[in-house]
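This is a predicted model, so every value here is computed, not measured.
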Amino acid sequence: MARLSQRDTPSPKRRKKRADAAAGFRKLVRVASGDRAARMISSNSIFFFFSPSFSSELTLAVRSVDLLSRKSDRNKAEHHTDQYNSDQLIIRRGQTFQIELDLSRPFNPNTDKLHLEMKTGPLPQVSKRTHIIIPLVDELQDESWEAKIVEQNVNRVRLSVNSPITAVIGKYKLTITTQYLKTGETTTHDHDKDIYMLFNPWCEDDMVYMEGEKELKEYVLNDTGRIYYGTEKQIGARTWNFGQFDEGILEACLFVLDNSEVPPSGRGDPVNVVRVVSAMINSPDDLGVLEGNWSGNYAGGMSPTAWSGSVEILRQYHREGGKPVKYGQCWVFSGVTTTVLRCLGIPTRSVTNFQSAHDTDVSLTTDVYFDENMEPIHHLNSDSVWNFHVWNDCWMARPDLPAGLGGWQAVDSTPQETSHGTFRCGPASLAAIRTGQVYLKFDTPFVFAEVNSDKIYWQRNLDGTFSQIHSEKKAVGHCISTKAVGSDERVDITNLYKYPEGSEEERIAVETACRYGSKPDVYSSPIAEDVRVEVRMEGEGPRMGGDAQLKIVVKNNSSQPRRTTLHSQVAVMYYTGVLKDTVKKDTLNVELNPQEGELGFPIGEAYVGKEMSAKITFTNPLPCTLRNVVIRVEGLGLRDLHPIKVGDVSKHANVTVTEHFVPTIAGKRKLVASLDCRQLTQVHGVADIDVQESQ
């Protein structure tokens, strides 16, 4: 304490100055020290009293934060996120996680307050659930954001934080706010690392909950898979590297969501997220991930058959700021969709439908039109049947639909038809598709037509109207295939999409669905179908570079003789069902007796960090030279996508290349190789490699 005195009697003017100064000091001290400030001021003396509470030692502040995000920490193991190649905290909603705070002094619940804030999106708002205020509580309750102190050691505090099962997924920023109650002083700490929130298929209350560890391991955690292609008679399979845990892929997947027009507040509902992803994987109307190309000219990009995984596609899209990657077709769109949805925590699989219809007019039938002379009317024949088409199934509850329609939902990212003005499709309940409930959202009519539409043949009458002359009830939706759980075998899931062909339940589903289409009366006038036509293929079917032997069987199932005209046409067709060139065309008059008639027309041990090599061999099956052959090799944890220029390969010649690489991740890995050239596509192979920890 200091004292200043004046012996002489001050003048009135000096007394006024001294009083003004005292008032100023009193204000200053009160601001600095609160109510316990010095208050001794007189006309002769001014006293300064400095309160001990002014010391900064009593302020509670956060000095550092540990998100416990290392692979060895409990967070990632408990949340099944330890496979992500990232040092960020990645958690699943509806489940507690822990963090540690290093404070400036021990936390005292009687004099200190603490709460967390998490924010996601460009404009976080409490009302939109994108700005979360997390209070400190004594006991955690389900279905709410809360934090509890579970351990305290001097200045270090461990918190258990709970998130609700409806939390918005995405990338969050963390802020910790502390307050000393006696002075009201508040401090904030903005942590520099992000927290990633995902869907939680392990939590029973999450809409994406899936029962069964084997299924979860397959449909969420498996980073490789099989995609099927070809025809129902010759089903091919190729290995696809989904790579959802690879470095940078989670960031790329969230970048895909950010590029959509849907705000972060809509990312708590998996139905909405799946719908967004379906739109954003293609690019015709929203600059999505992939540009489709079915022209055969892939200049300026990669041939769709050359891709063997999703990683490089997503990395390139992210790296180039949202510029669509060139090029993709259905299996590429499906593979990338599987990657994105598995990465976000939604159980997903790639599915192939053979003889897949494309209904363009919502008739729920596949229509073929002929003129009066039985010549195809090409401008009306916009419907088509693809040799195969690949889309996805994802697993979730559907509270927006009647009970019993949750489970597998079809979603298709290949841009075919628009849905509410955007190229997307689904999610459509497989249970609704199977029973013909096409009035239920989303895009159920389109998927129903893909797997179970009848193929209807129409002939134009002289007055310009059309009459139905024939129908094929089993022409569409064969051998619907996906990879089996826990193995590389193919499993047929046609029964999930429709009842057995020709059964009463299947016919009821078809006729129920068509009543909601653009031609509701197509089944109101039954027609005679007592003459059947069947095309059979001799032997094992056509081989690349060989002849095909076909047999056309015409059978009269009636009890009366029939006179009919057989119109036949052989054409080159893309796998999408689009005709290119006609090879042969013929007309033949046929007389059939009752119940008869037939008419006839070819590596070694692997260790992490140790270089190894793989030998890749290929034989040209064609009787011509392959030009500008490129072999691409990649493997998750083995090597990034790497093109090898082979050049020209003579007819029936053998090619051998050796690829050197250094494994970086232990475990069972797959090395995938694909060959691409203009004359030959869909050539690929895979090698299983068991990588051991370094010796």
Side-chain angles (χ1 to χ4, degrees), residues 92-95 129 142-144 164-169 198-216 218-220 266-278 341 344-349 351 353 362 364 391-412 419-420 424-452 477 480 482 485 493-500 503-517:
R92 300 188 187 276
R93 64 184 191 177
Q95 188 173 337
R129 299 183 301 133
D142 292 336
E143 292 301 313
S144 59
I165 206 60
T166 56
V168 169
I169 68 159
L198 307 178
F199 291 109
N200 194 348
W202 281 266
C203 181
E204 291 186 10
D205 295 324
D206 199 312
M207 285 176 62
V208 301
Y209 170 68
M210 172 175 272
E211 188 176 8
E213 280 299 320
K214 290 182 179 179
E215 286 74 15
L216 287 164
E218 180 67 49
Y219 297 130
V220 181
R267 298 179 191 171
D269 182 357
V271 174
N272 193 38
V273 169
V274 164
R275 199 147 169 78
V276 170
V277 170
S278 172
L341 294 182
L344 299 178
I346 300 176
T348 307
R349 62 191 184 188
V351 172
N353 178 36
V362 202
L364 285 88
W391 63 72
N392 298 87
D393 286 344
C394 58
W395 181 273
M396 65 183 67
R398 291 297 299 270
D400 57 324
L401 299 181
L405 297 178
W408 287 118
Q409 314 286 315
V411 55
D412 193 346
S419 172
H420 297 150
R424 58 187 168 187
C425 181
S429 165
L430 264 62
I433 295 166
R434 191 171 193 249
T435 53
Q437 298 179 76
V438 296
Y439 46 84
L440 298 173
K441 59 186 180 182
F442 290 94
D443 309 310
T444 310
F446 185 80
V447 184
F448 178 90
E450 287 184 301
V451 301
N452 206 16
I480 304 176
T482 192
V485 172
I493 57 171
T494 307
N495 65 305
L496 298 183
Y497 277 87
K498 59 183 180 180
Y499 291 103
S503 66
E504 183 179 1
E505 296 92 338
E506 188 261 348
R507 286 291 91 197
I508 291 173
V510 171
E511 295 186 21
T512 298
C514 286
R515 283 199 289 270
Y516 293 91

Answer yes or no: is there a side-chain heavy-atom contact under 4.5 Å between Y497 and L430? yes
With a 4.5 Å heavy-atom cut-off, do L440 and P402 have their side chains touching? yes
With distance as the sole test, does N353 use its side chain to make a donor-acceptor pair with the main-chain N or O of E450 at under 3.5 Å? yes
Heavy atoms of D443 and C425 approach each other most closely as OD2-CA, 3.3 Å
On the 0 to 90° scale, with breaks at 30° and 60°, tag the Y516-Y439 ring pair as parallel, tilted or perpendicular. tilted
Just verifying a value: how many Å separate I433 CD1 and F446 CZ, rounded to the nearest 0.5 Å? 11.5 Å
Given Y219 and V485, is the side chain to side chain contact (heavy atoms under 4.5 Å, CB included) satisfied, shown in steps? CA-CA 8 Å; Y219 297 130; V485 172; 3.4 Å; yes
Taking every heavy atom of F199 against every heavy atom of R92, the minimum-distance pair comes out as O-NH1, 3.1 Å
What heavy-atom pair brings P201 and G345 nearest, and what distance separates the two atoms? CD-O, 3.3 Å
Once rounded to the nearest 0.5 Å, what's the spacing between atom CG of D205 and atom CD of Q95? 12.0 Å
Is the backbone of V451 close enough, under 3.5 Å, to the side chain of K498 for a donor and an acceptor to pair up by distance? yes
Closer than 3.5 angstrom, by distance alone: can the side chain of N200 be matched with the main-chain N or O of G94 as a donor-acceptor pair? no
Start with the C-alpha gap between V271 and F442, add the side-chain angles, then the distance that decides, and say whether side chain to side chain contact (heavy atoms under 4.5 Å, CB included) holds. CA-CA 10 Å; V271 174; F442 290 94; 3.8 Å; yes
Rounded to the nearest 0.5 Å, what separation is found between the CD atom of E143 and the CD1 atom of I165? 6.5 Å
Assess the residue pair L405 and Q437 against the criterion (side chain to side chain contact (heavy atoms under 4.5 Å, CB included)); give the C-alpha distance rounded to whole Å, side-chain angles, the decisive distance to 0.1 Å, and a yes or no. CA-CA 10 Å; L405 297 178; Q437 298 179 76; 4.2 Å; yes
Side-chain touch N392/L341, heavy atoms, less than 4.5 angstrom: no
Distance from W395 atom CH2 to R349 atom CZ, nearest 0.5 Å? 8.5 Å
Measure the spacing between CD of Q409 and OG1 of T444 and express it to the nearest 0.5 Å. 8.5 Å
Expected output: side-chain T494 to main-chain I480 donor-acceptor under 3.5 Å: yes
Closest non-hydrogen atoms of W408 and P347, given as atom of the first, atom of the second and distance, are CZ3-O, 4.0 Å
On a heavy-atom basis, the closest approach of G426 and R275 is O-NH1, 2.8 Å
Rounded to the nearest 0.5 Å, what separates atom CD1 in I346 from atom CD1 in I169? 6.5 Å
R267 and R129: side chain to side chain contact (heavy atoms under 4.5 Å, CB included), yes or no, with the steps? CA-CA 10 Å; R267 298 179 191 171; R129 299 183 301 133; over 6 Å; no
Any sub-3.5 Å donor-acceptor pair from R93's side-chain atoms to G268's backbone N or O? yes
For D412 versus S278, what's the shortest heavy-atom pair and its separation? O-OG, 3.0 Å
